[in-house]
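Please read the structure below before turning to the comments.
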There are 2 protein chains.
Amino acid sequence: MQKASISESVIRRLPRYYRFLSQLEEAGIERTSSRELGVQLGLTASQIRQDLNCFGEFGQQGYGYNVSALRRQLELIIGLNKNRPAVIVGAGNLGKVIAANIDFGAYGFRLAGIFDIDRRICGSEIAGFTVQHMDTLEEFCNETEPLIAVLCIPQEAAQETADRLKDLGVKGFWNFSHCDLDADRSQVQVENVHLGDSLMTLSYRMPKDD
Amino acid sequence: MQKASISESVIRRLPRYYRFLSQLEEAGIERTSSRELGVQLGLTASQIRQDLNCFGEFGQQGYGYNVSALRRQLELIIGLNKNRPAVIVGAGNLGKVIAANIDFGAYGFRLAGIFDIDRRICGSEIAGFTVQHMDTLEEFCNETEPLIAVLCIPQEAAQETADRLKDLGVKGFWNFSHCDLDADRSQVQVENVHLGDSLMTLSYRMPKDD
DNA sequence: GTCTGTTTGTCAAGAAATTCACAAAGATTC
DNA sequence: GAATCTTTGTGAATTTCTTGACAAACAGAC
C-alpha cells in the first residue's frame, strides 16, 4: 500500500485530511481537488498530492478526488476501521474524562477496561466500566490482550507502569503523564500528549510588549 | 533577544527543554551540557546548541550550561513568568477538567473566568469560579481584558465564538473544539489541540498484521 | 602557571521537506 | 467527436532543518 517509509510530517497531516474529508462527505460534497483541499487546509496543492501519493493513486486526472472514496482510503490507511482493545490506566480526573469523552470506536479501538491503584476508586463505575485494581492487570491483559494503554497516571509511576504493560504485550501508549516515556520504538509506539507544552507554545507566541 | 525568526520546529522543542531542565533543577543538579541533554532527550548535542543559540549564548565553553540559569532563561523566553488573564469558554466536561487541572500560573497565565451558553450550568462553581453566561462576555472582557481564551465548545460554535472574542481583544486561542480555527495569524495565535488526531497517529503506527 | 581535556558557538555540509513545473490523462464543452 | 480545460502524479529545484566539524574559550589537574 505505501511506497516507502512515511515521514513523521506526513503522518501528522493524515488525521487532518481525514477529518476534513469526513466533513465534506457529511456536507454531501462528492468531489474535491488538491487545490481545493489546499485552500481549505492552508496547505499547497502540491503537498497534498505528494502526501496522498505516499499511499497510492487515489485521484483522477481532470476530475480530482472522490470525497467518499478518499475518506475511506484514509480510514483504512490510519486503521480507523479496526477494533483493537484499549485499556485506561489511572482513573483520576483525566482518566475519567477520557473514558467518558473519547469515542475510541471512531479511532479503531474499543475501550475494554479501566484500572487504578487506589482501592477507594476501584469498584466505582465510569463510562459503563467498573474500575479494577492494578493487582488484576496481569489477569486482564492475558484475557483481553489490549493493544494500547492510555496512561493517566502521575509522572513517577509512568515509566514503571509502561514497562509492566509492555511485558504484558501492549504495543502502544497514549501517554498523558507529564513525562516523555522512554521506549524502544521498534517494539512499542508512544504518543505523548503534553497539554502543558501546547499551552507553553501559545505563551511563547503571545505579544511580548517589552 | 532572538536572532531571527524562530522556526516552528524549534518552538515545539522549547517546552521539552524547559520541562527537563526543571526536573534537573529539582533534582539538585547544577550543571549540564548539550551532550548530556541530547542523550537524555534523544536529540543531537548539535541541535540543542543550535536551538538555544537562537535566543542567546547561555553556555560557557569547557563548562556547559548552568541548569538553573538556563531554566530561568527559557522561562523568560517562553513567557512563563507573566500573569496574563485567561478565560475558559465552555463549561462542559472538558472545560471543567481544564479549569480544575491545568495550572495556568505555571504557564504564565491566570484563570480569570469561565463562561457557558447553557443557563442550567451558569451559577455553578468550578475551580473556585462561578460559571457566567455568554451574554455577559462583553462586559467581562472589557473589564478583565483576557489575553487568551480556552475554547471547549462544540465545533459548530467555535469559529463564531472565536471571532467574537477576537473583536473583544483576545489575542490567543487554545482550541479544543474539533475543528481548525480560521484566523489571520498576524493578528491572532491559535493552538489547536486535537486529541483525536493524536490517537489517530497512534492508530496508524500500530502493527498492521495484514 | 602550564597543560590537558571539555564544551560552546558557528559555519558548512548533508538530509529532509516543500514547492515548482509539466507531461499525461481524463472531464467537459460545443 | 474535436478542442479546450482541469487535475493528477512525479521528477527536479528549492527551501528548511539537522548534523558534522572545528576554532576559540574556559575548567580542572598538577
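- Of the residues in residues 30-44 of chain B, those placing a heavy atom less than 4.0 Å from an atom of DNA chain D are Arg31(B), Thr44(B), in numerical order.
- Between the CZ atom of Phe58(B) and the P atom of dT10(C) there is a distance of 12 Å, given to the nearest Å.
- Look at CZ on Arg49(B): it is 15 Å from P on dT6(C), rounded to the nearest Å.
- As a whole-Å value, the separation of Tyr63(A) OH from dG9(D) P is 13 Å.
- A cation-pi arrangement is found for Arg84(A) relative to Phe109(A), the charged atom lying closer than 6.0 Å to the ring centre and inside a 45° cone about the ring normal.
- Position along DNA chain D of the nearest nucleotide to Gln47(B) versus Ala45(A) favours Ala45(A) as the more 5'-ward residue.
- Side chains of Tyr18(B) and Arg71(B): a donor on one and an acceptor on the other come within 3.5 Å.
- Asn175(B) and His194(B) are not linked by any side-chain donor-acceptor pair at a separation below 3.5 angstrom, with hydrogens and angles left out of the test.
- Residues Tyr17(A) and Leu70(A) form no side-chain contact, since every pair of their non-hydrogen atoms from C-beta on lies 4.5 Å or further apart.
- Taking five base pairs at each end of the helix from dG1(C)-dC30(D) to dC30(C)-dG1(D), the local helix axes there meet at an angle of 30°, rounded to 10°.
- Applying the 3.5 Å distance criterion, the base of dT19(D) shares a donor-acceptor pair with the side chain of Gln50(B).
- Counting only heavy atoms from C-beta outward, the side chains of Ser198(B) and Trp174(A) approach each other to under 4.5 Å.
- Checked by atom type, the side-chain pair Asp163(B)/Gln159(B) shows a donor-acceptor distance below 3.5 Å.
- Listed by residue number, there are no residues of residues 8-20 of chain A with a heavy-atom contact under 4.0 Å to DNA chain D.
- Remark: the Gln61(A) side chain and the dT8(D) base include a donor-acceptor N/O pair separated by less than 3.5 Å.
- Residue Ser46(A) places its side chain closer to dC20(C) than to any other of dT8(D), dA27(C), dC20(C).
- Distances shown here put every side-chain N or O of Asn53(B) at or beyond 4.0 Å from the OP1 or OP2 atom of dT8(C).
- Remark: Gln60(B) is not in phosphate contact with dT8(C), judged by side-chain N or O atoms under 4.0 Å from OP1 or OP2.
- Using a 4.5 Å heavy-atom threshold, the side chains of Val89(B) and Asp116(B) count as separate.
- OP1 or OP2 of dG9(C) lies within a sub-4.0 Å distance of a side-chain N or O belonging to Tyr65(B).
- Side-chain contact check for Glu191(A) and Thr201(B): at least one donor-acceptor pair (N or O, by modelled atom type) lies under 3.5 Å.
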